[in-house]
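Within every chain, numbering begins at 1; the chains are lettered A, B, ... in the order of the sequence lines, protein sequences first and strands thereafter. Just so you know, these numbers come straight off a predicted model, no measurement behind them.
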Amino acid sequence: MEKPSYYDAVYDVVRLIPRGRVSTYGRIADFLALGSSRMVGWALNQVHGSLEDVPAHRVVNRNGELSGRNHFRPPSKMQEMLEKEGIKVENDKVSDFNSLVWHPREIRQV
DNA sequence: GACCTGACGCCCC
DNA sequence: AGGGGCGCCAGGT
């Protein structure tokens, strides 16, 4: 029985997002060559309760907006967790997003 | 089994 | 600069 779903690959990448940093659906999708940013969202949607293992709160859209906050409970939880990591969130958007956005490619550059 | 929607992103107007 | 439409794949109705 195979479940090679790219899901695991997505979770793996998300898990690699450093604390205090964020990444985007698009970058992850591009890094994994999924072809669609939505797939990342689908995968994270399946996470649901495994959020402890997969820091899905560190994944935002290309504008740094917390587009997935509505899937957290309460929705403000996403912002809460981010702020707990030192990330400033204002008006459902990551402040200084451009500076702290993390590129999966950095893994290879270590 | 067909249709619609969805944690997105890019192109076109 | 802002708004609207299409594409991507999976899952639910």
Side-chain angles (χ1 to χ4, degrees):
Chain A
M1 119 176 155
E2 303 189 26
K3 194 184 164 197
S5 11
Y6 56 90
Y7 283 35
D8 292 326
V10 172
Y11 301 153
D12 199 31
V13 173
V14 174
R15 272 187 268 249
L16 290 173
I17 302 174
R19 200 166 193 272
R21 292 288 193 110
V22 295
S23 193
T24 69
Y25 303 95
R27 291 176 198 278
I28 295 172
D30 184 60
F31 181 73
L32 296 176
L34 295 180
S36 179
S37 317
R38 293 193 163 198
M39 320 257 52
V40 177
W42 284 197
L44 293 180
N45 188 24
Q46 294 301 317
V47 175
H48 216 21
S50 311
L51 290 177
E52 297 182 8
D53 277 299
V54 183
H57 60 282
R58 294 176 189 160
V59 183
V60 297
N61 68 5
R62 75 179 193 86
N63 294 320
E65 298 168 329
L66 282 56
S67 53
R69 86 200 136 109
N70 218 15
H71 285 258
F72 287 79
R73 214 163 54 272
S76 57
K77 184 70 179 293
M78 186 175 184
Q79 177 173 338
E80 242 176 74
M81 295 177 80
L82 287 174
E83 291 180 333
K84 207 158 111 185
E85 299 182 358
I87 297 174
K88 206 199 294 187
V89 179
E90 194 172 346
N91 199 10
D92 293 331
K93 193 174 66 182
V94 176
S95 303
D96 206 9
F97 163 73
N98 219 355
S99 296
L100 52 77
V101 62
W102 181 78
H103 306 249
R105 293 254 176 199
E106 291 183 28
I107 300 173
R108 306 175 134 196
Q109 293 184 356
V110 177

What integer distance in Å separates A:Asn61:CG from C:dC8:C1'?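 Result: 17 Å.
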What is the distance, rounded to the nearest whole Å, between atom CD of A:Gln46 and atom P of B:dA7?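 Going from A:Gln46 (CD) to B:dA7 (P), I get 13 Å.
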If the cut-off is 4.0 Å, is A:Tyr25 near the phosphate of B:dC10, judged by side-chain N/O to OP1 or OP2?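 Answer is no, no contact under 4.0 Å.
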Hydrophobic cluster membership, A:Val60 vs A:Met81, 4.5 Å side-chain cutoff: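 As far as the 4.5 Å side-chain criterion goes, A:Met81 and A:Val60 are not connected within one cluster.
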Is A:Ser36 close enough to C:dG7 that one of its side-chain N or O atoms is under 4.0 Å from OP1 or OP2 there?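 So the side-chain polar atoms of A:Ser36 never come under 4.0 Å of the phosphate oxygens OP1 or OP2 of C:dG7.
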Pairs flagged by salt bridge (Lys or Arg N to Asp or Glu O under 4.0 Å) wherever residues 54-66 of chain A is involved - sequence neighbours left out: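 Qualifying pairs: A:Arg58-A:Glu85.
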Can you tell me the distance, in whole Å, between the CZ atom of A:Arg69 and the P atom of B:dC8?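 Roughly 11 Å, once rounded to whole Å.
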Among the candidates B:dG9, B:dA7, C:dA10, find the nucleotide nearest to the side-chain atoms of A:Tyr7.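 So the nucleotide nearest the side chain must be C:dA10.
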In whole Å, measure the gap between the P atoms of C:dG5 and B:dC4 for me.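 Here C:dG5 and B:dC4 have their P atoms 16 Å from each other.
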Please report the distance separating the P of B:dC3 from the corresponding atom of C:dG7, rounded so that it comes out in whole Å.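 16 Å, rounded to whole Å.
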Let's test your reading of the model: under 3.5 Å, does the base of B:dG9 pair with the side chain of A:Arg38 as donor and acceptor?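 A donor-acceptor contact between them is absent.
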In whole angstroms, how far is the P atom of B:dG9 from the CG atom of A:Asn63?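 In whole Å, B:dG9 P lies 8 Å from A:Asn63 CG.
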Provide, to the nearest angstrom, the distance between the CG atom belonging to A:Asn45 and the C1' atom belonging to B:dA7.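 From A:Asn45 CG to B:dA7 C1': 7 Å.
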Between B:dC10 atom C1' and A:Arg62 atom CZ, what is the distance in whole Å?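 Between C1' of B:dC10 and CZ of A:Arg62: 8 Å.
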For A:Ala33, does its backbone N or O pair with a side-chain atom of A:Tyr6 as donor and acceptor, under 3.5 Å?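 Side chain of A:Tyr6 to backbone of A:Ala33, a donor-acceptor pair under 3.5 Å: no, none is there.
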In this structure, how many angstroms lie between the C1' atom of B:dA7 and the CG atom of A:Leu44, rounded?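 After rounding, the reported distance stands at 6 Å.
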Does A:Ser23 reach the main-chain N or O of A:Trp102 with its side chain, forming a donor-acceptor pair under 3.5 Å?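 Here the side-chain-to-backbone pair exists.
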Can you confirm whether A:Asp12 is buried at CG, in the sense that more than 12 heavy atoms of other residues, nucleotides or ligands lie under 6.0 Å from that atom?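 Counting neighbours around CG of A:Asp12, more than 12 heavy atoms of other residues, nucleotides or ligands fall under 6.0 Å, so yes.
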For A:Phe72 and B:dA7, give me the distance from atom CZ to atom C1', rounded to whole Å.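 Checked: the CZ to C1' distance equals 8 Å.
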Nearest to the A:Met39 side chain among C:dA10, C:dG7, B:dC10, which nucleotide is it?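 The listed nucleotide nearest to A:Met39's side chain is C:dA10.
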